[in-house]
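What follows is a single structure, written as structure tokens, with notes after it.
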Amino acid sequence: MNTIKSLLPTFLLLSLVVIGCTTKQENNTADTATPSVLDTLKYPGDFFPEERAKVLVVGTFHFGYPGLDTHKTSEEDQVDVLKEPKKSELEDLIAHIKKFRPNKVAIEARPTWNTMEKFAAYKSGAHSDKRDERYTLGMRIAKDMALDTLYAIDAKSLFYDLKKKDSVLLNSLIDQIDWDAPDPYWDMAKEWLNYDDKIVSKMHLLDYFKYLNSRKNHLANYGLYLTGNMGKVENQAADNLSLWWYNRNLRIFSKLVGISEGPQDRILIIMGNGHASLLRHLFESTPQFEFVEFDSL
């Protein structure tokens, strides 16, 4: 019995040595094991340049209320950005946008609007009475940033090209759409749009633009185009939306790709908020640009 007790410390020591050697051997085996796919996994973004041209999409309501959109703002809910208090609020909005330090400014205008002629006149003191956001935001910011070019990036869609070349074919694609078909979601959307009209006068303009250009608002705004006739006549509402609206915004996006010269660019885009919602999707998806959140400036 005494002999066993005397040998016990030696036995314990040998056991610890054996366990230690086994653990070390296991660790060495783990260290030299071939890495798994998960250890070396790359994501799609890893294959594209980290430095990209930055874009700030500023979705806006139309300051001049031209009444060209489906939803019309009643006269009592319209605000005047050239009169107080919105005039001072406009200055705060402009100061916020200028934090982006754009080297290119693009606006919702087509070639027939003669953007550069108007911009030259604006820089000479003309058009000070214009409420249109192309003047009060686009030209104002481009002038303040000492930029010599203002880019007109609006476009007509494939819908109008097809209408001109083959109106019979176009009509056959959309002639079964019931434009007055009832849709509870569009009824809800109209309530939202009427509410939205009324809060502009009650909010500081900068706060309203932060709300307007939030991701949640952009997604909901794009969702408006998915109500109404979708699903009621096979393909027709989908074809109309893609030919008329989606294609127009893809063409706008294509123009923006065309004016970009590299990762040093900081492109400011001022568009109606219906366009901004779709442009957000395109810029968040493309490997060529980095989408900058309006509220992050």
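Each residue takes its place number in the sequence, starting with 1. The shown structure was predicted, so the numbers you read here are calculated from the model rather than taken from an experiment.
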> Given the rule in the salt bridge (charged side-chain N to carboxylate O under 4.0 Å, His left out) test, do Asp80 and Arg131 qualify, once you have shown the distances and angles that lead to the verdict?
Replying inline: CA-CA 8 Å; Asp80 191 336; Arg131 291 167 178 78; 2.7 Å; yes
Assess whether a salt bridge exists between [X] and [Y], defined as any Lys/Arg side-chain N lying under 4.0 Å from an Asp/Glu carboxylate O.
{"X": "Glu133", "Y": "Arg140", "answer": "no"}
{"X": "Glu293", "Y": "Arg215", "answer": "no"}
{"X": "Lys198", "Y": "Glu76", "answer": "yes"}
{"X": "Arg248", "Y": "Asp154", "answer": "yes"}

>> Between Asp265 and Arg52, does the salt bridge (charged side-chain N to carboxylate O under 4.0 Å, His left out) criterion hold? Intermediate values first, please.
In response: CA-CA 8 Å; Asp265 272 339; Arg52 306 176 185 183; over 6 Å; no
> Where do Asp161 and Arg251 land on the salt bridge (charged side-chain N to carboxylate O under 4.0 Å, His left out) test, with the steps shown first?
Replying inline: CA-CA 13 Å; Asp161 292 341; Arg251 287 184 170 189; 2.8 Å; yes
Is the [X]-[Y] ring centre distance short of 6.0 angstrom?
{"X": "Phe291", "Y": "Phe289", "value": "no"}
{"X": "Tyr225", "Y": "Tyr246", "value": "no"}
{"X": "Tyr122", "Y": "His127", "value": "no"}
{"X": "His275", "Y": "Trp245", "value": "yes"}
{"X": "Tyr135", "Y": "Trp113", "value": "yes"}
{"X": "His96", "Y": "Phe294", "value": "yes"}

Exam field: side chain [X] to backbone [Y], donor-acceptor pair closer than 3.5 Å:
{"X": "Ser167", "Y": "Lys164", "value": "no"}
{"X": "Asp132", "Y": "Gly64", "value": "no"}
{"X": "Glu89", "Y": "His204", "value": "no"}

> When rounded to the nearest 0.5 angstrom, what is the spacing between NZ in Lys104 and OG in Ser260?
Replying inline: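 With rounding to 0.5 Å, NZ (Lys104) is 6.5 Å from OG (Ser260).
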>> Distance check, rounded to the nearest 0.5 Å: Asn247 atom CG versus Lys156 atom NZ?
In response: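 So the gap between those two atoms works out to 13.5 Å.
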>> I need the minimum non-hydrogen distance between Leu268 and Pro102, along with the two atoms involved.
In response: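 It is CB-CB, 3.7 Å.
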>> Which residue in the set Leu241, Ile177, Asp183 passes side-chain contact (heavy atoms from CB on, under 4.5 Å) when paired with Asn229?
In response: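 Testing each of Leu241, Ile177, Asp183 against Asn229, the sole residue satisfying side-chain contact (heavy atoms from CB on, under 4.5 Å) is Ile177.
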> Applying the side-chain contact (heavy atoms from CB on, under 4.5 Å) test to Met271, which of Val58, Thr60, Ile153 qualifies?
Replying inline: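 Of Val58, Thr60, Ile153, side-chain contact (heavy atoms from CB on, under 4.5 Å) with Met271 is met by Ile153 alone.
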> Within 45° of the ring axis of Phe100 and under 6.0 Å from its six-membered ring centre, is that where the NZ or CZ of Arg266 lies?
Replying inline: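 Ring-cation test returns yes.
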>> Check whether Phe119 forms a cation-pi arrangement with Lys123 (NZ or CZ under 6.0 Å from the six-membered ring centre, at most 45° off the ring normal).
In response: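 So Lys123 does make the cation-pi contact.
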>> Run the ring-ring contact (aromatic ring centres under 6.0 Å, His included) test on Phe63 and Tyr65 for me, step by step, so that the C-alpha distance in whole Å, both residues' side-chain angles and the decisive distance to 0.1 Å come before the verdict.
In response: CA-CA 6 Å; Phe63 290 177; Tyr65 298 99; 8.3 Å; no
>> Within the structure provided, determine whether Asn273 and His218 are in side-chain contact (heavy-atom separation under 4.5 Å).
In response: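 Result yes, sub-4.5 Å side-chain heavy-atom pair found.
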